[in-house]
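All remarks here apply to the structure that follows.
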2 protein chains.
Amino acid sequence: MTRRNELTRQAARLFAQKGYHGTSIGDLAEAMGVQKGSLYAHISSKQDLLYETMAEGARAFHGGLDAIPDEAPVTEKIRLALRSHLQVVADQLDVATVFVQEWRYLEGDRREEIVGERRRYEERIRALFREGRDLGELRSDLDDATAALLVLSAVNWAYTWLQPGRATDELADRFWAVLVDGVRGYATPE
Amino acid sequence: MTRRNELTRQAARLFAQKGYHGTSIGDLAEAMGVQKGSLYAHISSKQDLLYETMAEGARAFHGGLDAIPDEAPVTEKIRLALRSHLQVVADQLDVATVFVQEWRYLEGDRREEIVGERRRYEERIRALFREGRDLGELRSDLDDATAALLVLSAVNWAYTWLQPGRATDELADRFWAVLVDGVRGYATPE
DNA sequence: TTGCTCGACCCTAACGATCGTTAGGGTACC
DNA sequence: GGTACCCTAACGATCGTTAGGGTCGAGCAA
């Protein structure tokens, strides 16, 4: 683990804990056991650290979806997507936290870039529900945009309550069970 | 509208837009068309403004739930709770935004107070699902804690996408429809 | 009507602290 | 002789906050 990587990790941790603007270069230096001026041997600005954390988050979330097999049934793909997302949050809680709530402090082109990654990710999730309805694997009268929004919102909030120690996959499956069959437990015949 | 109230409103707006630490007293003064020192005729610290916004948020969210009739069926109560929550977010988007994502910058006792209000609110939602399962209005094998977590997470994220102009109640009902009957549309017989 | 007070509101000017960043020099290991 | 790493010391800017003084209209007494 190079010194540079350690700095990125500490930055993710502190940004997650106290926010980007709430974390000073001095805080970061203290966490590294170093004078604050010394950090500039590794970075050229505080923004660098934010951007790097965001880029790592984007990579992790997209990478998770990439592993989902194309030929699986849609409900299964949704289940795997839920697992993947929560797994990323659990494995890299700090990075995920920053990715979700500190992106607005990015400046310039990097901001547009990360916003684009976020949008692309959401679009991939939305596509699952659209596809599922079109293929007849989900109910024909499904409001797929709303369903996708429900799921995306839920997992985007996961960083606030997810405990990395706990069985994350099982939790994802429980989410999935509620989502797929609803809370009432019998379908309304049309 | 007193000058003091106008300041609180501007604070909510700026805190929502740029974050608590990202908003300076100078920014607030500029929004009020005043020199920054002048603000201290109205407040005694920047924290005051944050606390006040949070308190207003807590009041609004709890007030919404209070209007739900006790004797209604549980599924109906859940529908009304969804409507109420989204309505508060739509009506007071700035306040809701700050309430949801800036609470961690509160300091001292006020922080504990607001955290308590948040927890109490979530408990009221959880109770709906527990009660619904116990009364047999929801499926008997329902994981009520997970269902509540799903809903709470989804609505807590609403401030990021909700557009106050759009038909909020209808949107809440669409959420409810997905939640109640699921995306698959037929129950798995056990 | 005039004169006076009071409260609401704002000003300028500065305080000490902290911010992110830079310059220039030093040590130690490959 | 690099290369990786860290130091001290300071820069100008901005932070939240305070002190002290000023303006203006409403309310009331003469």
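Proteins get letters first, then strands, A, B, ... in listed order; numbering begins at 1 in each.
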Rounded distance (Å) that lies between atom P of C:dG20 and atom CG of A:L49: 11 Å
Watson-Crick or G-U stems of DNA chain D, 3 or more pairs, under 3.5 Å, by first number: C:1-3 with D:28-30, C:5-19 with D:12-26, C:21-30 with D:1-10
Atom-pair distance (CG on B:D48; P on D:dT18), nearest Å: 11 Å
B:R83 bridged to B:D169 by N-O distance under 4.0 Å: yes
Aromatic A:F61 / basic A:R120 pairing, under 6.0 angstrom, 45° off normal: no
Option among B:Y159, B:Y121, B:W157, B:W176 that satisfies the ring pair (Phe, Tyr, Trp, His ring centres under 6.0 Å) test with B:H85: B:Y121
A:Y20 and A:F15 aromatic ring geometry - parallel, tilted or perpendicular at 30°/60° bounds: perpendicular
Shortest non-hydrogen contact from B:L49 toward B:A11: CB-CB, 4.0 Å
Phosphate contact (C:dC19 OP1 or OP2) by A:S24 side-chain N/O below 4.0 Å: yes
Nucleotide D:dG16, atom P - distance to NZ of B:K46 in whole Å: 4 Å
Pair B:S44, B:D48: side-chain N/O donor-acceptor within cut-off below 3.5 Å: yes
Nearest-angstrom distance from the residue atom CG of A:L39 to C1' of D:dC5: 12 Å
Out of D:dG16, C:dC11, C:dT21, whichever nucleotide has its closest atom nearest the side chain of B:S38: C:dC11
A:I43 CD1 to D:dC6 P, straight-line distance once rounded to whole Å: 13 Å
Within residues 2-20 of chain A, residues whose heavy atoms come under 4.0 Å of DNA chain D: A:R3
Short side-chain N/O contact from A:Y40 to OP1 or OP2 of C:dT21, under 4.0 Å: yes
Interatomic distance, A:K36 NZ vs C:dG20 P [rounded to whole Å]: 7 Å
Phosphate OP1/OP2 of C:dC19 contacted by A:H21 side-chain N/O (<4.0 Å): no
Enclosure of B:R9 CZ (heavy-atom neighbours >12, cutoff 6.0 Å): no
A:L28 CG to C:dC19 C1', straight-line distance once rounded to whole Å: 13 Å
Whole-Å distance separating the CD atom of B:E30 from the P atom of D:dC15: 11 Å
Whichever of B:G33 and A:Q47 has its nearest DNA chain C nucleotide further upstream toward 5': B:G33
Heavy-atom neighbours of A:D66 CG exceed 12 at 6.0 Å: yes
Closest to the B:H42 side chain, choosing from D:dG16, C:dC9, D:dC7: C:dC9
Aromatic B:Y105 / basic B:K46 pairing, under 6.0 angstrom, 45° off normal: no
Electrostatic pair A:K77-A:E137, nearest N-O below 4.0 angstrom: no
Presence of A:Q35 side-chain N/O under 4.0 Å of D:dT8 phosphate oxygens OP1/OP2: yes
